[in-house]
Every structure is written in structure tokens, then in C-alpha cells.
Amino acid sequence: MIKQINMSLSSIKTITVIGSGLMGHGIAQVSSMAGYEVILRDIEQSFLDKAIARIKWSLDKLIEKKKLNQSEADAILKRINPVVDLETSLKNSDLIIEAVPEDMNLKKKLFSEVQKFSKPDAILASNTSTLPITEMSSYTNNPSHFIGIHFFNPPQLMKLVEVIPGGDTSVLITELILDFVKSLGKEPILCRKDVAGFIVNRIFIPLVHEAIYFRERENLTLEEVDSATRHKMGLPMGIFELADYTGIDVVHKATIEMHSRDDRVINPHPNIKKMYDNHLLGQKSGEGFYKYGQENYHRISLSEKDSDKVDIIKLIAVAINNACWLLSNNVCTKEELEKALLLGMGFKQELFKTGESYGFNNIYKILQQLTEQYGRFYQPDKLLNDL
Ligand code: 3HC
């Protein structure tokens, strides 16, 4: 058994981020911005070069917006050390955060390697969007030192970090990681149960599939649905725009995982798998629901007028139903849920306030109709009865 005594935030000085993609490079950047020494590890130098270029772009943006000056940005970059060799990347690290693709076998293999080279009391963490933390921790020698630290894209701008203890994570490590997240200037929300999709993805990923069904059933265009999710549901991006921005590969893998853990969580639309198989991965591959250029950050222009003819209650109903499930299962409180949606997805208005404005009675009826037509995924949660 590894000793846990005397561990406090000051015991974290060096952080290794494994995987330098969309999330990994951002996690490395925010950790360095908070003053930590960071090692960014990937399997090929070219991946690391791309990640460093992205970090430089982001730092330049922050300078442009007067959030940093040039010498601060230079120091941030200097604290990030890109490394290919796994052993070198781990030997001095106090906290190791993996951000590799969402494949349990890949993660299992990685953690068995990580343990060979990491310090015995190092904290191991996963930025998984939905894989079970308890199962992942069982592949390590010390599950009490294993935890989920789930950032949101882009980590540089999104304030939320979900902290997910597994069944064996020690209370001390959970508290330490909550403090660590605060030290990054982020807001941690404790996800009290290791459920599929945690808090935010439990709302977000099913909503992407539902938006495709909604578009087909109501005969709407991409832009109409996107404009309505922005202007009537309070999202900062259209739901299809957001799926492209997140990556269709991420959405697809999260879908498979969530569905395999609990088939009531999500009603997968086959188009997501088709897009994934055809390498239509969104912004990162140049095409997803929309087509993109080479820019680092691309927004879809959506006119508010496009939302005029869209009655979005059916989409709101699905989001509210999943939110109710989280509350009835004590995964988080209502306040935590609203905070998570505000800080993790940029919701401009509280989901339950939106629900209230459409009437919970109407939402309940819509869900009952959808259940009759399309099956038990839509079955209203028991909490909706009370509302
Ligand atoms: N670093 C620094 N600056 C950045 C940046 C980065 N990584 N990415 C974008 N920016 C800049 C842009 O270039 C732009 O600069 P400009 O004004 O010079 O053009 C500025 O930030 C943002 O401008 P916008 O007008 O687009 O501003 P918004 O007010 O819409 O904010 C946003 C952008 C914060 C991304 C907002 O649209 C948002 O919150 N979108 C939703 C994102 C979201 O939901 N993320 C979570 C997805 S789920 C997830 O990640 C979990 C995973 O497990 C699946």
C-alpha cells in the first residue's frame, strides 16, 4: 500500500500530459499558465510540433486580447517540455493526466506502461469524456491514486473541469485534485457517481443524435436547427457546429461507450457512425456537418431568422429529461448541473429556466408522445412527474 500522508497541493510541481491533441495541448497550456512545470508527451515528434504551434497560436490570441503580455507568454511556453520517450516524460512527474483517444484497450495498455516509469506516489488521472473511472483505475497498482479530471474544449477558454473519483479513489486525492483544478483558475464540479457521460456529456452527446433525428423528422436544415439551438436554447454554438468543433470521432466514441454502459442514455443516430467511417470528423478533418478551411478556429455564421419556424421543445425535452436523470440519481445537484452547463458548454440561460418557460407539463406530454412513437429512450424521468 502506498502512503498518502503529507500530500497537499504543494506536492504537485511537475505534470505530464500524455497525448497532445485537441485536449492534451490545451491541458498542458493551462497547467503551465498556472505555473506548473509541464511535460507534454506524444508518440511522434510531428504531433508535438503541431501541439506547440497550437499553443503558440493560443498564447498570441491571449496577448492580442491583453490577457497576457509577451514575456508571460514566453515563460509559459518555456515551461512546456515536449517529449517522445515515455520513461523520460514520467520519471519526475507528480501528476500524470492522460488525454489519448477514447479506447479502453489503448488506455489499459498505456497505464500498465505508465506504472513502470512513474514515481510510486504519482497521481494518475484520465481526461476521458465518458469511460468508467473505476474500471480504468483497476488497471493500475494503486486505484486510490487514480481519478478522472475532465476538461472541456477549448480548455484554454472553458472554465469547467469535472472531477470524477472512481470507486476506490481516496478522499484525500479527490480533495487534492479539486484544489489543483482551482489552482488552474478553473471551477471544479464533483461528479458524485461514475456514470456514463458524467454530467455535461450526459446532456451534450445525446443531444447531437437527437438533433439529427429532429432535423429529419421536422424536415429542417442544419442551419435552422443550429440557429434554434443558439437562439432558443441558449447554446453559444449551434449543436451541429459544436459537434464539428468537438470532433465527430469524439462524439462517436463517447456514443458507443455510453450506449454500451446503458442503452437508455442515448438514442444513437446512424449518421454519426457513417460520418466517422467516412472521416468526416468536423473541423479537424475539414468537413463534418459543415465544410471548413484551414483556420485554427472557425465559426459558422447563423442568422437568428433561421430559427423562426423551429419549435425546439422536442430537443429541450430530451435535454431536460437527461438532466432530470442526473438529479434523480444524485450525480449532482441542480445548482451544480446548471453551473456545469454554463461553464462547460457556455449555456447562456439555465436549462431548467428554459424548461419552465416551455412548461414542464408540455415537456412531459411531448416525451410521452415521443415514447409512444419512438421507444423507451424518451420515457420521462420520475423527477419530471414532480416538476
Ligand atoms: N485559445 C485562445 N483563444 C481562442 C481559443 C484558444 N484555444 N479558441 C478560440 N479562441 C478565440 C477565437 O479565435 C476568438 O478570437 P477573435 O475574437 O479574435 O476571433 C475568441 O476566442 C472567441 O470568439 P467568439 O466570438 O467565437 O466567442 P464566443 O463568445 O462564442 O466564445 C467559445 C467562444 C468559448 C468557444 C464559446 O463559443 C463556447 O462556449 N462554445 C461552446 C464550447 C463547448 O460547449 N465546449 C464543450 C464541448 S463538450 C467537451 O469538450 C467535452 C468532451 O468530453 C466531448
Side-chain angles (χ1 to χ4, degrees), residues 19 21-30 32-33 51-68 73 76-77 97-102 126-131 133 148-162 164 186-187 189 191 196-209 211 226 229-231 233-258 266 272 281-284 288 293 295-302 319 340-349 351:
L22 199 60
M23 299 307 290
H25 88 277
I27 299 170
Q29 181 182 332
V30 296
S32 173
M33 285 172 75
I52 295 295
R54 274 171 152 171
I55 294 173
K56 281 188 185 146
W57 173 84
S58 171
L59 291 171
D60 284 345
K61 271 278 159 200
L62 297 174
I63 294 173
E64 200 182 301
K65 310 242 178 242
K66 308 224 178 310
K67 293 191 174 146
L68 288 177
I76 291 164
L77 203 56
I97 307 176
E98 73 77 16
V100 304
E102 292 287 76
S126 173
N127 176 58
T128 180
S129 350
T130 146
L131 290 169
I133 301 299
I149 311 181
H150 182 216
F151 288 81
F152 289 80
N153 181 35
Q156 294 93 334
L157 303 186
M158 304 313 284
K159 279 263 172 208
L160 179 73
V161 178
E162 290 174 341
I164 314 107
K186 305 279 177 199
E187 283 271 353
I189 293 222
C191 182
F198 311 134
I199 301 173
V200 170
N201 280 340
R202 186 107 192 174
I203 311 280
F204 167 48
I205 305 285
L207 201 60
V208 175
H209 291 271
D226 264 1
T229 45
R230 268 187 76 171
H231 298 291
M233 201 168 171
L235 285 172
M237 289 176 164
I239 188 70
F240 296 123
E241 180 188 15
L242 179 58
D244 276 356
Y245 181 60
T246 305
I248 301 301
D249 48 343
V250 175
V251 173
H252 172 61
K253 287 179 180 159
T255 302
I256 293 181
E257 182 55 32
M258 288 169 74
I266 193 159
I272 291 291
L281 305 183
Q283 212 169 311
K284 65 174 82 161
E295 306 92 333
N296 274 302
Y297 180 73
H298 183 120
R299 293 298 304 268
I300 304 297
S301 60
L302 295 165
L341 293 178
L342 172 78
L343 302 177
M345 283 182 80
F347 265 68
K348 293 195 185 350
Q349 64 211 33
L351 181 60

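We count ligands from 1, going down the list as the structure has it; atoms in each ligand are counted the same way. For reference, positions follow the sequence shown, starting with 1.
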What pairs of donor and acceptor atoms, side-chain ones from residues 198-206 against any protein atom, are under 3.5 angstrom apart with sequence neighbours left out?
{"unit_1": "N201", "atom_1": "ND2", "unit_2": "S129", "atom_2": "O", "d": "3.1"}
{"unit_1": "R202", "atom_1": "NH1", "unit_2": "A196", "atom_2": "O", "d": "3.1"}

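Using a 4.5 Å cut-off on side-chain heavy atoms (C-beta onward), Q283 and L22 make no contact. A heavy-atom distance below 4.5 Å is not found between the side chains of N296 and K61.
For the salt bridge (charged side-chain N to carboxylate O under 4.0 Å, His left out) test, no residue two or more places apart in sequence or in another chain qualifies with E162. Considering only residues two or more places apart in sequence or on other chains, D249 meets the side-chain hydrogen bond (donor to acceptor under 3.5 Å, both in side chains) condition with K284.
Contact between L302 and E241 at its shortest, heavy atoms only, is CD1-OE1, 4.2 Å.
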Check each N or O atom of ligand 1 against all protein N or O atoms and list the pairs under 3.5 Å, with atom names and distances to 0.1 Å, one per line.
{"unit_1": "ligand 1", "atom_1": "1 (N)", "unit_2": "S58", "atom_2": "OG", "d": "2.7"}
{"unit_1": "ligand 1", "atom_1": "7 (N)", "unit_2": "Q156", "atom_2": "OE1", "d": "3.3"}
{"unit_1": "ligand 1", "atom_1": "15 (O)", "unit_2": "K65", "atom_2": "NZ", "d": "3.1"}
{"unit_1": "ligand 1", "atom_1": "17 (O)", "unit_2": "K65", "atom_2": "NZ", "d": "2.6"}
{"unit_1": "ligand 1", "atom_1": "18 (O)", "unit_2": "K61", "atom_2": "NZ", "d": "2.7"}
{"unit_1": "ligand 1", "atom_1": "18 (O)", "unit_2": "K65", "atom_2": "NZ", "d": "2.8"}
{"unit_1": "ligand 1", "atom_1": "26 (O)", "unit_2": "Y297", "atom_2": "OH", "d": "2.5"}
{"unit_1": "ligand 1", "atom_1": "26 (O)", "unit_2": "R299", "atom_2": "NH1", "d": "2.8"}
{"unit_1": "ligand 1", "atom_1": "30 (O)", "unit_2": "R299", "atom_2": "NH1", "d": "2.7"}
{"unit_1": "ligand 1", "atom_1": "45 (N)", "unit_2": "N153", "atom_2": "O", "d": "2.8"}
{"unit_1": "ligand 1", "atom_1": "50 (O)", "unit_2": "N153", "atom_2": "N", "d": "2.9"}
{"unit_1": "ligand 1", "atom_1": "53 (O)", "unit_2": "S129", "atom_2": "OG", "d": "3.3"}
{"unit_1": "ligand 1", "atom_1": "53 (O)", "unit_2": "H150", "atom_2": "NE2", "d": "2.6"}
{"unit_1": "ligand 1", "atom_1": "53 (O)", "unit_2": "N201", "atom_2": "ND2", "d": "3.0"}

